[in-house]
Amino acid sequence: MIEIMLITSLALFGVAIAIALLRIIFGPSLPDRIIALDMIGVNLVSGIAIISVILATKAFLEVILILAILSFISTIAFSKYIERGVIIERKRKS
């Protein structure tokens, strides 16, 4: 019973990733596309966690952590780019 629920939830995460991919392709604005990228990152982390539970292994836990950190940092970088136009600001000499 639990395996059926895990496989169903994995399929639903796949559907959510596909919907977010459509939002990236046909998104009306750049912030919508960035939020869709963040949503894909969260759904990938969740999907990998479910795969780890299905396979009864701890091997994917490092992958989950790295993917979550990269997703968070990329969302921050894209948001900063939208707000200021640059990601890394240079200090001006006075």
Side-chain angles (χ1 to χ4, degrees):
M1 182 68 179
I2 291 177
E3 286 189 20
I4 294 171
M5 291 186 333
L6 289 173
I7 292 171
T8 303
S9 63
L10 193 60
L12 291 175
F13 278 126
V15 170
I17 289 173
I19 291 171
L21 189 62
L22 287 174
R23 175 56 65 191
I24 290 173
I25 294 170
F26 300 113
S29 66
L30 191 58
D32 290 332
R33 292 181 171 135
I34 291 172
I35 295 299
L37 275 173
D38 188 44
M39 182 179 149
I40 287 176
V42 169
N43 286 328
L44 278 176
V45 167
S46 303
I48 293 171
I50 290 173
I51 290 171
S52 179
V53 170
I54 289 173
L55 297 177
T57 182
K58 295 181 181 179
F60 296 115
L61 296 180
E62 290 93 10
V63 174
I64 291 171
L65 288 173
I66 291 171
L67 185 61
I69 290 170
L70 286 176
S71 175
F72 174 72
I73 290 173
S74 66
T75 302
I76 298 248
F78 281 136
S79 300
K80 189 172 180 183
Y81 177 74
I82 287 176
E83 183 179 288
R84 298 186 183 154
V86 293
I87 295 174
I88 300 173
E89 297 177 3
R90 295 186 201 187
K91 292 186 178 182
R92 297 181 184 167
K93 294 180 181 180
S94 46

Could you pull out all residues at least two apart from [X] that satisfy side-chain contact (heavy atoms from CB on, under 4.5 Å)?
X     : value
Ile50 : Leu6, Ser9, Leu10, Phe13, Ile54
Phe60 : Ile48, Ile51, Ser52, Leu55, Thr57
Ile19 : Val15
Ala68 : Val45

For the [atom1] atom of [X] and the [atom2] atom of [Y], what is their distance to the nearest 0.5 Å?
X     : Y     : atom1 : atom2 : result
Ile66 : Ile69 : CD1   : CD1   : 7.5 Å
Leu12 : Ser46 : CG    : OG    : 12.0 Å
Ser79 : Leu30 : OG    : CG    : 9.0 Å
Leu44 : Met39 : CG    : CE    : 11.0 Å

Considering all heavy atoms, the nearest [X]-[Y] contact:
X     : Y     : value
Ser71 : Gly41 : OG-CA, 3.8 Å
Ala16 : Asn43 : CB-ND2, 3.5 Å
Ala36 : Ala20 : CB-O, 3.6 Å

For residues Val53 and Leu61: do they belong to one hydrophobic cluster (side chain heavy atoms under 4.5 Å, members Ile, Leu, Val, Met, Phe, Trp, Tyr)? yes
May I ask whether Tyr81 and Leu70 are part of the same hydrophobic cluster, defined by side-chain heavy atoms of I, L, V, M, F, W, Y residues being less than 4.5 angstrom apart, directly or through others? no
Taking ILVMFWY side chains as joined if any heavy atoms are under 4.5 angstrom apart, and letting links pass through other members, which residues group with Ile25? Leu21, Leu22, Phe26
Please examine the side chains of Ile40 and Ile24, heavy atoms only from C-beta on, and report whether any two atoms are closer than 4.5 Å. yes
Test: side chain to side chain donor-acceptor pair (under 3.5 Å). Region: residues 20-35. Which pairs qualify, not counting sequence neighbours? Ser29-Asp32
Qualifying residues under side chain to side chain donor-acceptor pair (under 3.5 Å), relative to Thr75, sequence neighbours excluded: Asp38
